[in-house]
2 protein chains.
Amino acid sequence: MARRADQSLAQVAARPSRRSLVDEAYRTLRERILNNELPPGHQMLEEEAALQLRMSRTPVREALIRLEKEGLVRFVPRRGVQIVPLSARDLREINEMLSCLEAAAAERLASRRLPPEELAQLDAAIAAMDAALAADDMDAWSEADYRFHCLLLELCDNRRLREVARMFLDQAHRFRRKSMSLREKPVYSTVNHAAVVEAIRRGDPQTAVEIHRSHKRRWTRELDDLISRMPDVEE
Amino acid sequence: MARRADQSLAQVAARPSRRSLVDEAYRTLRERILNNELPPGHQMLEEEAALQLRMSRTPVREALIRLEKEGLVRFVPRRGVQIVPLSARDLREINEMLSCLEAAAAERLASRRLPPEELAQLDAAIAAMDAALAADDMDAWSEADYRFHCLLLELCDNRRLREVARMFLDQAHRFRRKSMSLREKPVYSTVNHAAVVEAIRRGDPQTAVEIHRSHKRRWTRELDDLISRMPDVEE
DNA sequence: CCCGGAAACAACGTATACGTTATTGCCCAT
DNA sequence: ATGGGCAATAACGTATACGTTGTTTCCGGG
C-alpha cells in the first residue's frame, strides 16, 4: 500500500465521504451484512477487511467492535471475525425481543396523541406495503415493511427504544431476505399493521397491544415452521 | 512512560489479570461509572484515561467504544469522553425499557416450568432484599435488588434479553445510588417482587405481567416525583 | 476596552511497528 | 503409520508516530 502521502491525500481525494474512515467501514460492512453479501457464518481476517476497504486495521477494528455490540459479528480468537450465523435459537430470541419492543412502541404511540401528519406517514408506509404486495414484489415488500417498523419506532420518541429495536430489526432483516421465498405472501402481516395503526389512531393502547400480541402468537408459529424448512439454519 | 521493555513486562507483571488491557479498561471504567466515582457529566480525555489506567490510548479507545454502545459514555468531539448525564428524559426512557423488558422476562419465566432450585434462587434474592430492608441498609438493599433483577434475566435464557436489559439495569443503577436517600423505604418494591415470583411459581404468566404492569404504573409516578426533587437532574 | 484574525496548541483519527501467542505443519521416535 | 514435540508462521493486542483540524490565545486596529 502506498504510504505517508496517502494519509493526507485520503482526506482530500475521498471527498464524497466527509466522514471518518471508521464510519465508512461501519456503514459498508453493515450494509454488506444486511443484504447477505457477507453471509451468516462467513469469516474474514481484520487484515483482509482492511485491505478490501483500503484502510489500515485501526478504523476497521473500531467499526467491528461496534458491529459486534450490535450483534452482527463475533470475534473468533484466531480466525478473525465472523458474521454471526443465525441459529434457530437466535431467530427465536430476536423474534421475542422485537415482539416485546414493538408492542411497547405501539402502546406508547396509542397513548399519546399522534399528530395527523405522523399518522399519515404510517398510512403511507402501509400503502407502500400493499402496493408491493399487489405487484408481487417481495423485495419491495420487505423494504416497505422494514420502513414501517422503523417509522413506528421513530415516532414514539424514545431514543433507546428506537436504537435497540433497530438493532434487532437489522438482525431480523438478514433472515427475512433469505426466507422470503419460502413464505406465503404476507397478507396477514399487512392487514395486521393496518389494524395496529387504526388502534393508534383511535388512541386505544389496550387494543394496540392486544392485536400485536395475537399477531406475535401467529407469527411465532409461522417462524418455527419456517425455521424447520430452512436448510442452512442449524438448530 | 517507560517503553519497549514495559510492553513485555506488562504481560508478566500484571499476572493477576489474565485478560487483555481492553478488558481491564472496560471493567475498571464501567465499575467507576456505576458507583458514580465517575459522576454523570464528568469529562475526561482519552489520554488522561490512558494515563490513569497505565496503558496506551489504543485499548482505552476500544473500551470506550464498548461503553459508548452501552450508553454509559458519549464522545464529545474535542472535549474527550463524557460520562453520560442522566436527564429526566433519559431516566424515563430507561424506566420504560426496563418495564417492558422485565415484563417480558417475567412472562417468559412463568410460561416455562422453572426448576425448584431456580425458584429457590429467586426466593433467596428476595430474602436478601428483605434482610437489607429490615437492617435499614439501603446500599445492601440496592445491591440485592440489582441481583434479583439480574437473576430474573439470567433465568429466562434469552441471551439478547439478558444483555440488553443488563445494559439498562446498569444505567438505572447509577441513578438509584444517588436517589436512594430521597426515597422512602422501598417496601412496596420488595413485596411486589415476591408477588411476581409467586406468579412464576404458579406458572401464571397472565398474573405475572399484570403485577408487573401495576408496579410500573406506581413506580413511574414515584420516579417523576423523585426526578423533580433531584437537584442535579436537569429536565 | 472590544473585536477579528492569525499563530500556537491540543486532541483526535489513522497508520504503522512490534512483541506475544496460538496454530500449523513437520520431523522424528516409537 | 502415528503421536508428540518443536519450529515457523500468522493473527492479534498494544504502543507509538504523525498529519489534520478545531480551539484557544494573543495581538493589533477600531
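Annotation: side chain of B:Lys216 is not in contact with side chain of B:Leu98 (no heavy-atom distance under 4.5 Å).
When the salt bridge (Lys or Arg N to Asp or Glu O under 4.0 Å) test is applied to B:Glu46, the partners found at least two apart in sequence or on another chain are B:Arg57, B:Arg61. Every side chain to side chain donor-acceptor pair (under 3.5 Å) that A:Arg27 has, sequence neighbours left out, goes to A:Asp23. A:Cys100 is linked by a side chain to side chain contact (heavy atoms under 4.5 Å, CB included) to B:Cys100, B:Leu101, B:Ala104, counting only residues two or more places apart in sequence or in another chain.
Residue A:Leu51 contributes atom CG, which lies 12 Å from atom P of C:dT16 at whole-angstrom precision.
Where A:Val81 and A:Thr58 meet DNA chain D, the nucleotide closest to each residue was compared, and A:Val81 sits on the side nearer the 5' end.
Nearest nucleotide to the side chain of B:Ser20, out of C:dA15, C:dA11, D:dT14: D:dT14.
Taking 4.0 Å as the cut-off between side-chain N and carboxylate O, A:Glu93 and A:Arg89 count as a salt-bridged pair. With salt bridges taken as basic N to acidic carboxylate O contacts below 4.0 Å, one links B:Glu143 and B:Arg177.
Judged by distance alone, with hydrogens and angles left aside, B:Arg19 brings no side-chain donor or acceptor close enough to the base of D:dG13 to form a pair under 3.5 Å.
Partner of A:His149 under the ring-ring contact (aromatic ring centres under 6.0 Å, His included) criterion, out of A:His173, A:His193, A:His212: A:His193 alone.
Proximity of residues 60-69 of chain B to DNA chain C (heavy atom under 4.0 angstrom from any strand atom) is restricted to B:Arg61.
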Taking only N/O atoms, report every protein-nucleotides 5-8 of chain C pair under 3.5 Å with atom names and distance.
none

Return the polar atom pairs (N/O with N/O) between nucleotides 23-25 of chain C and the protein under 3.5 Å, or none.
from   : atom 1 : to      : atom 2 : distance (Å)
C:dT24 : OP1    : A:Arg79 : NH2    : 3.2

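Distances shorter than 4.0 Å separate some side-chain N or O of B:Ser56 from OP1 or OP2 on D:dA15.
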